[in-house]
Structure formats: structure tokens, C-alpha cells
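Here the structure is a predicted model, which means the values were calculated and not measured.
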Amino acid sequence: MGIFSEAPIQMDSNDPPLQTSFEALLCNTQTFSEARTAAVQECELPVIDLGILSHGSPDEVRQCKRDIALAASEWGFFQIMNHRVGGDLLSRMISEQVKAFRQPFEKKSKESLSDFPIESYRWGTPTATSLHQFSWSEAYHVPLSETSRVGDTNNMLRTTMEEYARVVSEIAWVLVEALVEDLGGDVSYFETNCTSKTCYLRLNRYPLCPLSSGGVFGLTPHTDSDFMTIVYQDHVGGLQLKKDGRWVTVKPNLDALVVNIGDLFEAWSNGLYKSVEHCVVANPNTERFSIAYFFCPSYDSVIESCTKPTIYRKFSFREFREKVQEDVKKTGTKVGLRRFLA
């Protein structure tokens, strides 16, 4: 039997042609190693109760901020509870997300038919040169500066996305202030360079993957090219991260949001806060949904370490993105911060 089962699960007619692209890569590369299987163990990330920052005693508030900084430095990932994203808002956001992905592929992929701005819809990995660079997923990647153009035929989609982005943006600022304060930094840098117009919202769908066993990524291993990412993931699971050199699976928690540090925060913190490699593993039985908020600066913002001597040289966000895109185009893989070592 090959890597596809004898009776493969049928893809939905609204799905992008992921299997066709995958099989083309399989023919080109001739071999496919399935050594990349499920992580050795499931882990529970550090949990931060954000409610303490609003209702705790001064000592409790200080400890909560310290816990945020410790999680960012020891794990690069943590979960937040009592995060202010209400159940009703999450339900509406998920409902609108599912409806957006249930549209015919032709409508999703054509600008003139889509409810999303130009070039928002993405699927697979156009730059993939091997199977291990291929992502079994589809997504809408929307700059918050463009949300007013979302949903020409669906006002509920636009208003729900804007409400969700506004609430998560407030959470991001609470976390950023705690992380900057712990290092004695100046939050005005972030206030000047990171605005509601420079951040992004990404709606993800990972279709079920009709393979006989593991080995296919829903999202290939990477680090995030931002300061911070805040993710809501459903019950399906599949998010994995590298901890102490080993891949571990993050146990889903429907009451929590997952936060991870991006490359820019690692550079700004002079390597104290960790941008950790992570991925999503495709599921052979069911689809998975997630919503990611990316806290980013303007393209012309200069990222410089807050302490000396520096691990990384200073660089603009534009330069960083251009280097990442150049590396991905040439090799199919992001190099990232290693390009900017001092």
C-alpha cells in the first residue's frame, strides 16, 4: 500500500486542490519519509490568569506579570485564561469563519467573487520544493487595515472580525506592557510602531488529510515573523512546538487562548524571550479551525535590542520580511533571525 489509503477519504468539493498538489510533489521527489509522526508526548502550557491583572492585589499583579515574562523566556508559549473574549463572540467568529471556508473554491480563490480583500486567500504552499515544505491547509490572511473591505455581501462577517480583532488587540497590549515592563523597556516604542493598522488576523482551516498515517503538516515548522501571536484553536488539536529539542503536542483548552513569542520580540529582548519553532500536524479524520492574531509593527519600524551587548544587529521590519521571502523563494525554508546575528 502507498502513502494514500486504498479507499482515501473524499475531499469536499469546496476544498482547495491540496491532494493534487501533494501528489505532484510526491511524483517529483519520488520518495516521502513518514518519520515525522505525532509528538512523543502531550504537554500543558503554562497558564496565566489575566483576570488577576484587573482584580488581584498589588502583589498578585506583580507575580502575574512575572509569570508572563517567565513563560515567554522559558517556553516562548503560554495559555491565557479569563481573557475577555466572550463565548458569544467566539461562537459568532467561528460560525462566520466556517461559512467563509464552506464557499466554493472558485469563489474563495477569485478576487472578484471573494468576500475578502485582494490576495487574502491562501492554500497549500506555492513555494514548496519537497513534501516536508507543503502545508495541508487554507487560510484568509487579512491586514486589520483592510477589514472594512471584508464581507461586501456579508456584513456580519466584517463586523464580527472587527469586534474580535479589537478585543484581542486589547489583550495583546496587556501582554506587551507586562513583557516590556519586566525588562525595564519603554512601551512608547510599541505605541509608536504597532497600531491597529499594522496587525493581522488569519483565519485557518486544516482539511482532513487522507493519508494512511502521519507525516503531513497542516502548517510546516516555522517561527512567527512578528512580536507576538494570539491564537484560538478548536478541540481537534494538532499544534506542536519544540521544547528542549523535542516536539511536543499542545493539549487543546477551549477556555484559553494560546500566546507565542515572535521573532521580533526575541530580537528586541536580546534573546530573553524565545521565538519557538512550531507546526500543525494534519489530521486524517477531521478538519481543524483556528484564528490567529499577529501583533506587528509598521514595515519601516526598526527593531533593536533593548540591552547591550546585542545578539542581533538592528534591522527594519521591511528588511526582515524581504529576507524571509527571499530565503523561502530560494530554498522553500525560512532562515529568520539567524540572518541578523550581530
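At distances below 3.5 Å, not a single donor-acceptor pair connects side-chain atoms of H141 with backbone N or O atoms of A139. D234 places a side-chain N or O within donor-acceptor distance of the main-chain N or O of F289, the cut-off being under 3.5 Å. With hydrogens and angles disregarded, no donor-acceptor distance shorter than 3.5 Å links the side chain of D224 to the backbone of D226.
Under 4.0 Å is where a charged nitrogen must lie from a carboxylate oxygen, and between D327 and R338 no such pair does. Classification of E326 and R339 as a salt-bridged pair fails, no side-chain N sitting under 4.0 Å from a carboxylate O.
Side-chain atoms of F294 and L144, non-hydrogen and from C-beta on, never get closer than 4.5 Å to each other. Put simply, the side chain of R205 reaches to within 4.5 Å of the side chain of D15, judged on heavy atoms. For the pair Y140/F101, a side-chain contact is recorded, criterion being any heavy-atom separation below 4.5 Å from C-beta on. In this structure the side chain of F320 reaches within 4.5 angstrom of the side chain of F340, judged on heavy atoms. Side-chain contact between R166 and S169 is absent, with no heavy-atom pair separated by less than 4.5 Å. Taking 4.5 Å as the limit, some side-chain heavy atom of L53 sits within range of a side-chain heavy atom of V61.
Between the side chains of S298 and D300, no donor-acceptor pair is found at a separation under 3.5 Å. Side-chain contact check for E304 and Y189: no donor-acceptor pair (N or O, by modelled atom type) lies under 3.5 Å. Side-chain contact annotation: S305 with Y312, donor-acceptor N/O pair under 3.5 Å absent. Between the side chains of D67 and Q63, a donor-acceptor pair is found at a separation under 3.5 Å. A donor-acceptor contact under 3.5 angstrom links the side chains of Q233 and R288, judged on distance only.
By the 30° and 60° cut-offs, the orientation of the rings of H222 relative to H278 is tilted.
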Show which side-chain atoms of residues 83-94 pair as donor or acceptor with protein atoms under 3.5 Å away, not counting sequence neighbours.
unit_1 : atom_1 : unit_2 : atom_2 : d
H83    : ND1    : V85    : N      : 3.1
H83    : NE2    : D255   : O      : 3.2
D88    : OD2    : R92    : NE     : 3.0
D88    : OD2    : R92    : NH2    : 3.2
S91    : OG     : G87    : O      : 2.9
R92    : NH1    : E163   : OE1    : 3.1
R92    : NH2    : E163   : OE1    : 3.2
R92    : NH2    : E163   : OE2    : 3.3

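Heavy-atom minimum distance, P297 versus I303: CG-CD1, 4.5 Å.
Every ring-ring contact (aromatic ring centres under 6.0 Å, His included) that F295 has, sequence neighbours left out, goes to W173.
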